[in-house]
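Here is the structure we will look at, set down as structure tokens.
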Amino acid sequence: MRAVIARSGGILELAPSALRPLARSGAHLVPLGEGDLIPLPDEASVAHLPGRRAFAADAEGQPVNIDGGAMAVAAILPVGHLRCLLPASEPEPGAPRLPLYGYTAVAEHRGRLMAAAVATDAFAWWRPAEYRRADLPAAVAATRAALPGNRVVEQLAACALEHNCYTAQNTFHRRYEGALPASPACNADCLGCISMQPDPVPTPQPRMKYAPTAEELAELAGYHLAGGDARIVSFGQGCEGEPLTRDATLAEAVARIRARHPDATIHVNTNGSRPEALRRLIDAGCNSVRVSAISFTDPVFRAYYRPVDYGLEEVIACGEVMAEAGGQVCLNLLTFPGLTDVPEELERTAAAGRAMGVRQVQWRSLNVDHDWLVRVMPEQPPAIGMTRALHWMRRELPGVEHGNFTRPWPPASPIQFAGDAAAGITMGADA
Ligand code: SF4
């Protein structure tokens, strides 16, 4: 195995053969072994990290900076994969923050590029090959013609055509899970928020600037759900703030959608800040929630979310109210190697999952500059590794599914798509 580096201009090279590959778990440098790696997945990309020096281990196992202006290299994984280790990089003084991606350790092995990752979900709905279709502009034009003046359509057109948002593309193709972004405001200030960052860090999905009406949201939901393969509409998208800050409008939209589509999954992705607002949506017909969390350790949670007027008690209560109502509760676990897989973190996450009545844990790689995050977050003890953490959580939460993507609810819905049959996937099953 060889470490991989980049020279100026982004030319990839193998590090000298006397050096062994390293990776990082949080702030800790760790050896990168064959058992940590999978072949670089299709649709992954490889990036050099400007202003980041690369590290490897010498013959004694000691970390050394790879000389000669070598830059660190990382993989950016496609959906359905979980990052297990970070690149062994270190910023040069004054290096700018990196754009928001999930940087993953890579190495060369037997002539192939490998990534420190595991596949977690092969749900056919979200195969990357299903997206960026040639007929997307025509689908956007058809939606504009059907819903003239609807501002959510214009928001999602930019998301689909310019920012490659899969959920926005689904909305126009009227398939699977459609997007209903609803809120320009948020009651948190996450370090890795993808819709709002301080200059000059680019935001992959710039935040919507207006508050849509219940009518606009319900109208677009109705258009999406009229498609043959459409089953879910979701509030709480990457291009917005926190949907539960607009509970009156959302409750009205949900009631209208439910009246027309009794079998639809009406889902909300949330930071879990307002259980009473979620209850209002449930009363109107919302039957699925995905609550995001990076940690159930209060100082870690607060350091990352910088929440306004809420805490972990409310986050857990959001799961409780949906579970009590018989709906689907998903935990969107924002994972970071060296934090998520610390034993104390795992214990608290499992306890929260039980309290919340979680049906599925979605293991998502946190997209953020990893070098920057470890400097600004509380220091962590050594971790057990993400693969072991995933196995541990499966044992601790029997009956809970583990994957990446929200399924329709209830799971007994007689839904079968051609792609699922080909992939041998059934609704509600994890990969
Ligand atoms: S809760 Fe969501 S919208 Fe709000 S700051 Fe965090 S990531 Fe951004």
Side-chain angles (χ1 to χ4, degrees), residues 79 97-102 152 155-156 158-159 163 165-168 179-199 201-212 217 234-247 249-250 267-278 281 288-319 322 329-336 339-340 352 356 362-370 372-373 376-377 404 406:
V79 293
R97 269 177 61 190
L98 297 170
L100 286 94
Y101 292 108
V152 191
Q155 170 77 18
L156 293 181
C159 295
H163 306 302
C165 171
Y166 285 5
T167 322
L180 297 177
S183 176
C186 191
N187 50 5
D189 183 16
C190 294
L191 296 175
C193 179
I194 61 171
S195 67
M196 193 157 287
Q197 284 289 325
D199 281 340
V201 182
T203 48
Q205 292 184 272
R207 189 174 295 181
M208 66 193 311
K209 293 185 169 53
Y210 63 91
L217 293 162
S234 293
F235 302 102
Q237 298 297 319
C239 61
E240 66 173 304
E242 169 51 44
L244 293 183
T245 60
R246 298 204 62 222
D247 51 319
T249 300
L250 263 58
H267 175 82
V268 58
N269 298 308
T270 172
N271 61 19
S273 54
R274 300 194 62 208
E276 75 290 354
L278 180 60
L281 266 62
S288 178
V289 68
R290 189 185 75 182
V291 181
S292 290
I294 189 171
S295 168
F296 289 91
T297 304
D298 192 65
V300 179
F301 164 78
R302 289 188 180 280
Y304 180 80
Y305 274 89
R306 300 184 288 188
V308 178
D309 286 341
Y310 79 96
L312 285 170
E313 198 177 321
E314 282 76 16
V315 174
I316 291 170
C318 275
M322 182 58 85
V329 181
C330 305
L331 172 61
N332 188 35
L333 188 58
L334 302 173
T335 67
F336 191 79
L339 170 62
T340 310
M356 294 167 77
Q362 298 187 11
W363 294 72
R364 300 286 182 108
S365 303
L366 180 64
N367 290 344
V368 70
D369 181 335
H370 54 285
W372 174 76
L373 195 77
V376 298
M377 291 283 282
N404 264 205
T406 303

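First listed ligand is number 1; within each ligand, the first listed atom is number 1. Computed from heavy atoms alone, side chains included, the values below leave out hydrogens, waters and symmetry copies.
Protein N/O/S atoms closer than 2.8 Å to atom 8 (Fe) of ligand 1: Cys193 SG.
More than 12 heavy atoms of other residues, nucleotides or ligands sit less than 6.0 Å from atom CZ of Phe301.
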Quiz item: Between His267 and Ser234, is a side-chain hydrogen bond (donor to acceptor under 3.5 Å, both in side chains) present by the stated rule, with each step listed?
Solution: CA-CA 5 Å; His267 175 82; Ser234 293; 4.6 Å; no
Practice problem: Please lay out, stage by stage, how Met196 and Cys186 fare under the test side chain to side chain contact (heavy atoms under 4.5 Å, CB included). | Solution: CA-CA 10 Å; Met196 193 157 287; Cys186 191; over 6 Å; no
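Within a 4.0 Å radius of atom 2 (Fe) of ligand 1, the protein contributes no heavy atom.
Although no hydrogens or angles enter the test, the distance criterion places a donor-acceptor pair under 3.5 Å between the side chain of Tyr210 and the main chain of Val152. No side-chain donor-acceptor contact under 3.5 Å links Glu240 to the backbone of Met208. A donor-acceptor pair under 3.5 Å links the side-chain atoms of Thr335 to the main chain of Arg364, judged by distance alone. For the pair Asn332 (side chain) and Ser292 (backbone), a donor-acceptor distance under 3.5 Å is absent.
Within ligand 1, counting atoms from 1 as listed, the ones closer than 4.0 Å to a heavy atom of Glu240 are 3 (S).
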